There are 2 protein chains.
Amino acid sequence: MALNSENTLLTALINHFKNYFPLTGKEKEELSSHFRERKIKRRGFILQQGDVCKHFSFVVSGCLKMYAVDQTGKEHNLQFAMENDWITDLASFYSEKPSMVYIEAIEPSSILQIEHADLLYLYTNYHKFDRNFRIIVEQRCIELQNRVLQNISASAEERYRYFLQQYPTLPNRLPHTQIASYLGITPEFLSKIRKDLINKP
Amino acid sequence: MALNSENTLLTALINHFKNYFPLTGKEKEELSSHFRERKIKRRGFILQQGDVCKHFSFVVSGCLKMYAVDQTGKEHNLQFAMENDWITDLASFYSEKPSMVYIEAIEPSSILQIEHADLLYLYTNYHKFDRNFRIIVEQRCIELQNRVLQNISASAEERYRYFLQQYPTLPNRLPHTQIASYLGITPEFLSKIRKDLINKP
DNA sequence: CCTGACTCTTAAACTAGTTTAAGGGTATTT
DNA sequence: AAATACCCTTAAACTAGTTTAAGAGTCAGG
């Protein structure tokens, strides 16, 4: 497939890589031949528990969530992925074992996906893809470590304030139940926190 | 510096890389010229809050912890690093900004450290280092995500049981106050959990 | 050998967060 | 247009986890 300026999804990805080590012409061509565009409907899944996670996905537009479901049926949100975010279940993707989580679209979304074998091909043949994905994963690591720190040291109210700072647009884009699930509290208690914050912001 | 079989610290690192993409002779030589051995006393620091984290460290023996200190002076353990673990404050290391955390030896430890510029040199000149560190960071990411899931979905008792599975040797090697700090609970409550577990294991 | 600094435990009083239940609002489906 | 499902809030009763305090055990240092 030839590159052209009308291929807006792919140009979003190429621009994304400009934040790291920008791609050469040949590397861009490899992107276009190994990434596949996909539109996901609201409530559509790109991964279900029990399946092997076959793709590393880049979100061009929309919003997805990754979550685990516990024995009692409750959902626990591990990640929201919006424009220019990556999302995959790393544990399942590399081990090729069944995943413990779901990845579901919260809004209608456009994504670009690469399959496991194709990503390995890029890693093997282009130093730069190993490097750029190293950096992408490092940044995810930093985010996760901050979140762990919040979880072990901060109250629910502090965690919510931090969430608002980090994702200012999300409370308008998704139900509060989803945010409560991300913070590790009940929707009822989040409602109380929000009421308290109005009185003393 | 020439490689020889007496250099036990470095051979531990070379063996470690055999779990990923094993190193060539030349790459091993680069290790020996860019990693520096260090012995750290119990309670010795390799990073203090406010300093820039200058090293990526590989633990050959002993045990270190990374922790943040909150406004009230309480410590919150983010990571324990034992034999064959890596430890660094990624956020500070790559941004070269002051760190928010401490890294301190819990036991007398032997480590191998590489400086920021030297690691960039290895990344630039050897595809394999970018690749191996990508994999190392991915595994850390998987660990952190599991820990986040525990934090948002499981009770303190469940988290402690999971901790025992993951680090069976640690309760013998370090004070329980350290474990409580890692789990995000008070030492008093951990004590209660331990009592309960004896009665109904 | 003694002292002081940590560590672990127990227990009572407290607080942060959950559960259960109910009511009203707003989309989405039929 | 009605019906259903979902979402948000409130409140009362409950439970998980914290705080404060006190006592006993253990270890390193003078």
Side-chain angles (χ1 to χ4, degrees), chain A residues 41-44 63 65 67 69-77 80 102 104-108 148 150-164 170-200, chain B residues 41-44 63 65 67 69-77 80 102 104-108 148 150-164 170-200:
Chain A
K41 280 189 276 201
R42 190 170 123 88
R43 305 222 167 136
C63 183
K65 63 176 173 177
Y67 61 93
V69 176
D70 67 21
Q71 307 82 343
T72 75
K74 273 191 205 124
E75 297 181 6
H76 304 280
N77 283 339
F80 295 116
Y102 296 83
E104 180 185 339
I106 298 176
E107 303 172 355
V148 166
Q150 288 279 319
N151 283 332
I152 65 176
S153 70
S155 68
E157 180 176 323
E158 288 167 324
R159 264 142 55 210
Y160 180 59
R161 294 179 109 111
Y162 180 77
F163 178 87
L164 290 179
L170 273 187
N172 311 316
R173 283 173 75 168
L174 53 83
H176 294 158
T177 48
Q178 297 296 323
I179 296 172
S181 161
Y182 180 93
L183 296 173
I185 59 177
T186 58
E188 292 83 0
F189 193 56
L190 178 56
S191 184
K192 191 186 168 202
I193 289 172
R194 287 163 44 76
K195 192 175 77 173
D196 293 350
L197 283 185
I198 290 163
N199 300 336
K200 46 126 190 172
Chain B
K41 278 189 277 202
R42 191 170 122 88
R43 304 226 166 133
C63 183
K65 63 176 173 177
Y67 61 93
V69 176
D70 68 22
Q71 306 83 345
T72 75
K74 274 192 205 122
E75 297 181 7
H76 303 280
N77 283 341
F80 296 117
Y102 297 83
E104 182 185 337
I106 297 177
E107 304 173 355
V148 166
Q150 287 280 319
N151 283 332
I152 65 176
S153 70
S155 68
E157 180 177 322
E158 288 168 323
R159 265 141 56 210
Y160 180 59
R161 295 179 107 112
Y162 181 77
F163 177 87
L164 289 180
L170 273 187
N172 311 317
R173 284 172 74 167
L174 54 82
H176 295 157
T177 50
Q178 297 295 324
I179 296 171
S181 161
Y182 180 93
L183 295 174
I185 59 177
T186 57
E188 292 83 1
F189 193 56
L190 178 56
S191 184
K192 192 185 167 203
I193 289 171
R194 286 164 44 76
K195 192 175 78 175
D196 293 351
L197 282 186
I198 290 163
N199 299 337
K200 45 126 190 168

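All values derive from a computational prediction rather than experimental measurement. Every chain is numbered from 1, with letters handed out A, B, ... down the list of sequences.
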Walking DNA chain C from its 5' end, the first of B:Phe189 and B:Arg43 to be reached, judged by nearest nucleotide, is B:Arg43
Provide, to the nearest angstrom, the distance between the CD atom belonging to B:Gln178 and the C1' atom belonging to C:dC6.
11 Å
Kindly say whether B:Gln150 contributes a backbone atom to a donor-acceptor pair with the side chain of B:Arg159 at under 3.5 angstrom?
no
Between B:Tyr67 and B:Tyr102, how do the two ring planes meet: parallel, tilted or perpendicular, split at 30° and 60°?
parallel
So does B:Arg42 have more than 12 non-hydrogen atoms from other groups sitting under 6.0 Å from CZ?
no
Can you tell me the distance, in whole Å, between the OH atom of B:Tyr160 and the C1' atom of C:dC8?
12 Å
Lys/Arg N to Asp/Glu carboxylate O, A:Glu188 vs A:Lys192, below 4.0 Å
no
Answer yes or no: is there a donor N or O on one side and an acceptor on the other, between the side chain of B:Glu158 and the main chain of B:Ser155, under 3.5 Å?
yes
Contact class for B:Lys195 (heavy atom, under 4.0 Å): base, sugar-phosphate, or nothing?
sugar-phosphate
Report yes or no: does A:Thr177 contribute a side-chain atom to a donor-acceptor pair with the main-chain N or O of A:Pro187 at less than 3.5 Å?
no
Interatomic distance, B:Ile106 CD1 vs C:dC6 C1' [rounded to whole Å]
15 Å
Categorize A:Thr186 for me: base, sugar-phosphate, or nothing, with a 4.0 angstrom heavy-atom threshold over every strand shown.
base
Report the distance from atom CD of A:Glu188 to atom C1' of C:dA22, rounded to the nearest whole Å.
12 Å
What is the 5' to 3' range of DNA chain D, first to last nucleotide, that sits under 4.0 Å from any heavy atom of chain A?
D:dC7 to D:dA11
